[in-house]
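Notes to accompany the following structure.
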Amino acid sequence: MALKRTKIVDIFSPELVGEQVCVKGWVRTRRGNKHVQFIALNDGSTIKNLQIVIDLEKFSDEELKPITTGSSLHVEGTLVASQGKGQTVEVQAQTIEVYGTADPDEYPLQKKGHTLEFLREKAHLRMRTNTFGAVFRIRHHLAFAIHKFFNDKGFFYMHTPLITASDCEGAGDMFQVTTLNLADLPKNEDGTNDYTKDFFGKPTSLTVSGQLEGELGATALGAIYTFGPTFRAENSNTPRHLAEFWMIEPEVAFNDITDNMDLAEEFIKYCVQYALDHCQDDIEFLNNMYDNSLLDRLHSVLKEDFVRLTYTEGIKILEASGKKFEFPVSWGVDLQSEHERYLVEEHFKRPVILTDYPREIKAFYMKQNDDGKTVRAMDVLFPQIGEIIGGSEREENYDKLIGEIERRGIPMKDMWWYLETRKFGTVPHAGFGLGFERLILFVTGMANIRDVIPFPRTPNNAEF
Ligand code: ATP
Ligand code: MN
């Protein structure tokens, strides 16, 4: 009977020592001398490699020649306690089958120590490196943690559409979806495009957020969260923006802005703790390789209460800082990452939740404060990242909401279904959006958002 495969993550257990094992994976390195060769085998289940020991008396040159970095193997042998440094067990090979070779002259990961920029050009293979293996295992665990957090709290996971006909959240920044022939567009008499001939009979785009539909869910199921891809055609080539990113958007009936802040803080801390509990090897690797303050930063976020203050107070601190910012600050401006990071990294030295932003720089659906100038918005600002969460208490008053929509000239006919939440059984409610990749940036310490999603979509980049 064929021996069952053991994943490398499961092999470092004392009970298996002395047993016959079967392992499969990709060769990371091969070294040795005339008598014995050592292969470092990795199967992606853990950052740890398994050492395969080859006694050259048992294998011919012919058999061993195709075993080079990147080739894939099926190895059977005895698991023994290791004398060598850096590992507790190793396999003494009895049989080796090569599934696939990787020509050393062609395999892009033949050498170690490639830059992250180089590896971005090799996104189809970079998951085979220690760094990206670590990042994408952490990404998985964080996704799982998010579902667990909300499920344990009784939130319902809601799937909101990716194709939308509402463009109220930011028309210019959306990717249009069409089946019309762009080389021969059907026209109305006045020369505009005739979208009645399009697939949905009207113009449609990829969603920038699931929030509006999420509010429909929250005002029925009580507490929901979405977790899915969102798309923004903003041409911002920064280390923190993607054209396609994943967003988590909880929305809760009867929550006010304080409940919303409490939820956001508990949620992020839960995710960070979960990653520390389940991704220890990977986080330690990233801490040692890239950023040796990563672990300290993760632990410090866990133990500190997030500072809560209003935008207006934040502006006062920034103005009094005496710092020369690239973008000058005054009441009414939208905060740039440099301002957010000053508050978090230099002034308070812990995460900050800024609330009550000027109405003019925030979305139409946010609850208006009595001062007539500000809305009940909240942004969570993080070290190294800047804004990680944006959210608000929502305007639940029908007349105030309509007033704001009209004042901004948002096309009403597209919004009738959203407005009915305020017409029929309206309730106070609140929610927020967490950018999944920004959370992963924080937890991994990676500096560029292109390095925490397997196949990044950014301007001029959709190769893989
Ligand atoms: P920013 O000011 O950083 O561009 P935003 O205010 O436009 O962000 P929101 O509309 O509030 O973002 O979206 C909620 C969250 O989604 C943000 O707090 C952030 O974590 C994330 N996010 C927004 N835009 C992007 C993007 N282009 N790429 C990756 N994550 C993003
Ligand atoms: Mn925002």
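Start at 1 and go down the list; that is how both ligands and their atoms are numbered.
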Check if Arg232 has a non-hydrogen atom at a distance under 4.0 Å from any atom of ligand 1.
-> yes
Nearest to atom 1 (P) of ligand 1, what protein heavy atom do you find, and at what distance?
-> His241 NE2, 3.6 Å
Which ligand 1 atoms are under 4.0 Å away from a heavy-atom of Arg240?
-> 28 (N), 29 (C)
Protein contact to atom 15 (C) of ligand 1 [nearest heavy atom, distance to 0.1 Å] = Gly433 O, 3.6 Å
NZ/NE/NH1/NH2 to OD/OE distance under 4.0 Å, Glu251 and Arg394 | yes
Any chance the rings of Phe455 and His124 have centres within less than 6.0 Å?
-> no
Can you tell me which residue and heavy atom of the protein come closest to atom 30 (N) of ligand 1, and the distance to 0.1 Å?
-> Phe245 CD1, 3.4 Å
Would you mind checking if Lys367 and Glu396 are paired as a salt bridge, meaning a charged N to carboxylate O distance below 4.0 Å?
-> yes
Is it true that Arg240 and Glu437 have a side-chain N and a carboxylate O under 4.0 angstrom from each other?
-> no
Ring centroid separation for Phe306 and Phe382, is it under 6.0 angstrom?
-> yes
For Ile389, the ligand 1 atoms with a heavy-atom partner under 4.0 Å come out as 18 (O)
Any idea which atoms of ligand 1 are less than 4.0 Å away from a heavy-atom of Gly435?
-> 15 (C), 16 (O), 20 (O), 21 (C)
Run the salt-bridge test on Glu265 and Arg308 with the 4.0 Å N-O cut-off and return the result as yes or no.
-> yes
Charged N to carboxylate O under 4.0 angstrom, Asp291 versus Arg297?
-> yes
Could you tell me whether some N/O pair between Ile449 and ligand 1 is separated by less than 3.5 angstrom?
-> no
Any N or O of Leu434 that comes nearer than 3.5 Å to an N or O of ligand 1?
-> no
Are Asp10 and Lys7 close enough for a salt bridge, meaning some N to O gap below 4.0 Å?
-> no
Taking the N/O/S atoms of Glu387 one by one, which is nearest to the Mn ion (ligand 2)?
-> OE2
May I ask you to check if ligand 1 and Met247 share an N or O to N or O distance below 3.5 Å?
-> no
What's the shortest distance from atom 19 (C) of ligand 1 to any protein heavy atom, and which residue and atom give it?
-> Arg438 NH1, 3.4 Å
How about Tyr157 and His159: are their ring centres within less than 6.0 Å of each other?
-> yes
shortest atom 18 (O) of ligand 1-to-protein heavy-atom contact is with Glu387 OE2, 2.7 Å
Option set Thr458, Leu242, Asp173, criterion heavy-atom distance to atom 28 (N) of ligand 1, minimum = Leu242
If you have a sec, work out which protein heavy atom is nearest atom 20 (O) of ligand 1 and how many Å separate them, to one decimal?
-> Ile388 O, 2.8 Å
Go through the steps to decide whether Asn292 and Asn287 satisfy the test side-chain hydrogen bond (donor to acceptor under 3.5 Å, both in side chains), and finish with yes or no.
-> CA-CA 5 Å; Asn292 57 22; Asn287 183 80; over 6 Å; no
